[in-house]
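The sequence lines fix the lettering, A, B, ..., with proteins before strands; numbering per chain opens at 1.
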Amino acid sequence: MLSHPLLVEAAETLFVPCAIRNNSDGDADAKVREHFREPAWNNPVVHFLAADETALAPKLTADWSVHGLATGMVMALTTGKQAVPDWLALLADEEVARRRGLERAVFSQA
Amino acid sequence: MIATRAGWLDKVEITEVWFDPKRLPFAALLAQGQRTDCAQSVWTTTATQLETARQVLGDKATPLATEPKPDREAKYYLLQSPLRALPMTATQATRCNAELAPGRNGSPERWLSPRQLELLAKLRREPKKPWPLAIDVPLPRAWAALPR
């Protein structure tokens, strides 16, 4: 999901992205991991946090999809009272709709 | 509405529409199509759609039995513009194509991210560069295919 250009752009421009390795010991990454009570060698997680470390959206633990990250970002921005740009809202809406299940119909002017 | 595709069915020019029925019920989509003279005939894909469409269109509503043949110039208005090479999601492409329709005087830029806008400016500055066509190509794949 982190290869999706719009998610990368959203992470880099609407948030302060911080990647922490979860397989190190005794270094700065390990300190951050322990601070947030994340076990080492666990599956990756995403925290959506305000500057005071308040959670702005539920931690992403299992939904490794464009849907999971896009909807988490929209919720985090909304909770943090930040504007959600149309392009990100559109991406999240599309992913939510696809997950719910789209319908198709065919129309003609004739 | 999530995505559209122009095509042909039973020798008739058609538009396939993919939509989220929770946010846009079929009856509302059909009513809008009637208002804009775009829904004189309907081919349906669910029993509920057929029931609704028959109440409005009678025997001009039929179940979809054959797959439509996509038009070679799907997203016609995008194809005529530099946006044909711009990687977009399906919804972005549908919205931008509609914004470019004649008489609409729309602004496709409103649906694009800052990085897509930067790329669009480059596409406009360098129209002769052999940019790969991005229409109906998944966004990550179209983005990866851009020349460095």
Side-chain angles (χ1 to χ4, degrees), chain A residues 1-19 44 46 48 57 60 63-78 80 82-110, chain B residues 1-5 7-26 29-30 33 36-46 48-49 53 60-62 64 68 87-92 94-95 110-117 119 138-140 142-144:
Chain A
M1 68 179 169
L2 284 177
S3 62
H4 193 293
L6 292 184
L7 288 183
V8 172
E9 181 171 355
E12 289 180 347
T13 62
L14 305 173
F15 296 86
V16 179
C18 186
V46 178
F48 302 93
L60 193 63
D63 185 0
W64 303 114
S65 65
V66 175
H67 169 273
L69 194 51
T71 54
M73 285 175 164
V74 167
M75 185 185 289
L77 290 170
T78 305
Q82 302 291 310
V84 179
D86 285 342
W87 56 272
L88 180 60
L90 220 52
L91 174 64
D93 285 351
E94 180 174 333
E95 293 300 322
V96 168
R98 287 187 189 282
R99 181 155 295 194
R100 266 201 299 247
L102 300 181
E103 278 189 24
R104 177 171 65 143
V106 180
F107 297 90
S108 165
Q109 289 180 303
Chain B
M1 199 182 319
I2 300 299
T4 60
R5 185 169 64 184
W8 295 87
L9 181 64
D10 299 341
K11 297 182 181 172
V12 172
E13 194 169 10
I14 53 91
T15 303
E16 290 176 84
V17 177
W18 285 264
F19 61 100
D20 178 357
K22 289 274 193 302
R23 295 192 64 178
L24 176 63
F26 176 73
L29 179 64
L30 180 60
T36 53
D37 204 22
C38 294
Q40 298 306 307
S41 305
V42 179
W43 289 263
T44 59
T45 61
T46 70
T48 310
Q49 283 182 14
K60 288 273 199 176
T62 51
L64 182 66
M88 287 185 273
T89 64
T91 312
Q92 282 182 312
T94 297
R95 300 277 175 103
R110 63 184 289 218
W111 303 112
L112 303 176
S113 76
R115 288 181 188 171
Q116 285 174 311
L117 289 171
L119 178 57
L139 191 155
W143 203 281

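In this structure B:R95 satisfies the side chain to side chain donor-acceptor pair (under 3.5 Å) test with no other residue, sequence neighbours excluded. Judged as a side chain to side chain donor-acceptor pair (under 3.5 Å), and not counting sequence neighbours, the contacts of B:Q40 are B:D37. For the side chain to side chain donor-acceptor pair (under 3.5 Å) test, residues two or more places apart in sequence or in another chain that qualify with B:R110 are B:E99.
Interface summary for chain A: among B:A61, B:P114, B:A53, the most heavy-atom pairs under 4.5 angstrom belong to B:P114. Contacts with chain B were tallied for A:D93, A:V96, A:T13; A:D93 has the most, counting heavy-atom pairs under 4.5 Å.
Heavy atoms of B:A144 lying under 4.5 Å from chain A are absent altogether. Looking at B:P87, there are no atoms closer than 4.5 Å to chain A (heavy atoms on both sides), in backbone or side chain. For B:L24, no part lies under 4.5 angstrom from a heavy atom of chain A. B:V42 touches chain A through backbone and side chain together, each having a heavy atom under 4.5 Å away. For a residue to count as touching a neighbouring chain, one of its non-hydrogen atoms must lie under 4.5 Å from one of that chain's; by this rule B:T46 touches chain A with the side chain only. At a 4.5 Å heavy-atom cutoff, the contact between A:L91 and chain B is made by side-chain atoms alone. Heavy-atom distances place the backbone of B:L112, and not its side chain, under 4.5 Å from chain A.
Inspection of the B:Q49 and A:E103 side chains reveals an N or O donor paired with an N or O acceptor under 3.5 Å.
Residues B:M88 and B:W111 are not in side-chain contact: their nearest non-hydrogen atoms beyond the backbone lie 4.5 Å or more apart. Contact check for A:F107 versus B:L30: side-chain heavy atoms found under the 4.5 Å cut-off. Looking at heavy atoms from C-beta onward, B:L139 lies in side-chain contact with B:Q92 at the 4.5 angstrom threshold. Contact of the B:W143 side chain with the A:L6 side chain is not registered, since no non-hydrogen atoms from C-beta on lie closer than 4.5 Å. Looking at A:V106 and B:V17, their side chains never come closer than 4.5 Å, going by heavy atoms from C-beta outward.
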* **Verdict with supporting geometry, A:E94 and A:R98, salt bridge (charged side-chain N to carboxylate O under 4.0 Å, His left out)** => CA-CA 6 Å; A:E94 180 174 333; A:R98 287 187 189 282; 2.9 Å; yes
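Contacts between residues 82-90 of chain A and chain B, counted as heavy-atom pairs separated by less than 4.5 Å, involve A:D86, A:W87, A:L90.
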